[in-house]
Amino acid sequence: MIVKHLSDVIGTKDDIDTKNWNARRLLLKKDGMGFSMHDTLIKAGTETLIWYRNHVEAVYCVEGEGEIEVVGGSVYGIQAGMLYALDGHEKHLLRAKTQMRMICVFNPPLVGDEVHDADGVYPLVETK
Ligand code: 9YT
């Protein structure tokens, strides 16, 4: 059994801080669960192009306000209690009006240090 607290992750190599977001990666591939789980802060006023070509992701908002625009599709408001699941690898724009706190689950699990490339993609990292 794995027991962790957010405070065990903050400030470690599993705490990835970028210009637009700060992902605190609580569970990763090495934990052997088959998914990764992150407590992620999306910074206020940011817009991020994201395209998880190699992963499916579910995102559950627990704090803050913003919106998600599917490229070429609909715009959905985000507020606490809203979940979106990218089951079709949708390319999207994520906009934070205020800081948003999101619980993100990825399958396959992230290895740890992935950040988006210029297309908003995370690479698929194969490890043993
Ligand atoms: C909601 C979202 O995709 N944010 C970007 C960061 C990513 N989810 C992560 O690595 O936690």
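Both counts, for ligands and for their atoms, begin at 1 and track the order of listing. Bear in mind that the values here come from a model prediction, so they are computed numbers and not experimental data.
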* To do: Please verify whether a non-hydrogen atom of Met102 lies at under 4.0 Å from ligand 1.
  => no
* To do: State whether the side chain of Asn22 and the backbone N or O of Ile16 hold a donor-acceptor pair below 3.5 Å, judged by distance alone.
  => yes
* **Atom indices of ligand 1, in the order listed, that fall short of 4.0 Å to a heavy atom of Arg25** => 9 (C), 10 (O)
* Going by heavy-atom distance to atom 9 (C) of ligand 1, choose the closest among His55, His38, His92, Glu57. => His38
* **Atoms in ligand 1 flagged as close to Tyr84, the criterion being non-hydrogen separation under 4.0 Å** => 1 (C)
* To do: Could you tell me whether Asp17 and Lys43 make a salt bridge, using a distance below 4.0 angstrom between a side-chain N and a carboxylate O?
  => yes
* Determine, considering heavy atoms only, which of Ile68, Ile50, Leu26, Thr40 sits nearest to atom 11 (O) of ligand 1. => Thr40
* Which heavy atom of Asn20 sits nearest a heavy atom of Glu47, and at what distance? -> ND2-O, 3.1 Å
* Electrostatic pair Asp14:Lys4 at N-O distance under 4.0 angstrom -> no
* Judged by atom type as modelled, is there a donor-acceptor pair below 3.5 Å linking the side chain of His55 to the main-chain atoms of Glu57? -> no
* Measure Ile16 to ligand 1 on non-hydrogen atoms and call it side chain, backbone, both or neither using the 4.0 Å cut-off. => neither
* To do: Please confirm whether the backbone N or O of Glu65 pairs with a side-chain atom of Thr98, one donor and one acceptor, at under 3.5 Å?
  => yes
* Structure fact -> Numbered in order shown, the ligand 1 atoms found under 4.0 Å of a heavy atom of Ala23 are 9 (C), 10 (O), 11 (O)
* List every atom of ligand 1 that sits less than 4.0 Å from any heavy atom of Phe106, numbering the atoms from 1 in the order shown and giving each element. => 8 (N)
* Asked: Taking His38 for the side chain and Arg24 for the main chain, is one N or O donor matched with an acceptor at less than 3.5 Å?
  -> no
* Asked: Applying a 4.0 Å heavy-atom criterion (strictly less than), which segment of Tyr60 is in contact with ligand 1: side chain, backbone, both, or neither?
  -> neither
* Asked: Considering only heavy atoms of Leu94, which atoms of ligand 1 have at least one such atom less than 4.0 Å away?
  -> 1 (C)
* Structure fact -> Logged contact type for Thr48 with ligand 1, heavy-atom cut-off 4.0 Å, is neither
* **Verdict with reasoning, Glu90 to Ile68, per side chain to side chain contact (heavy atoms under 4.5 Å, CB included)** => CA-CA 11 Å; Glu90 292 86 351; Ile68 176 172; over 6 Å; no
* Structure fact -> Note: ligand 1 atoms sitting under 4.0 Å from heavy atoms of Ile42 are 4 (N)
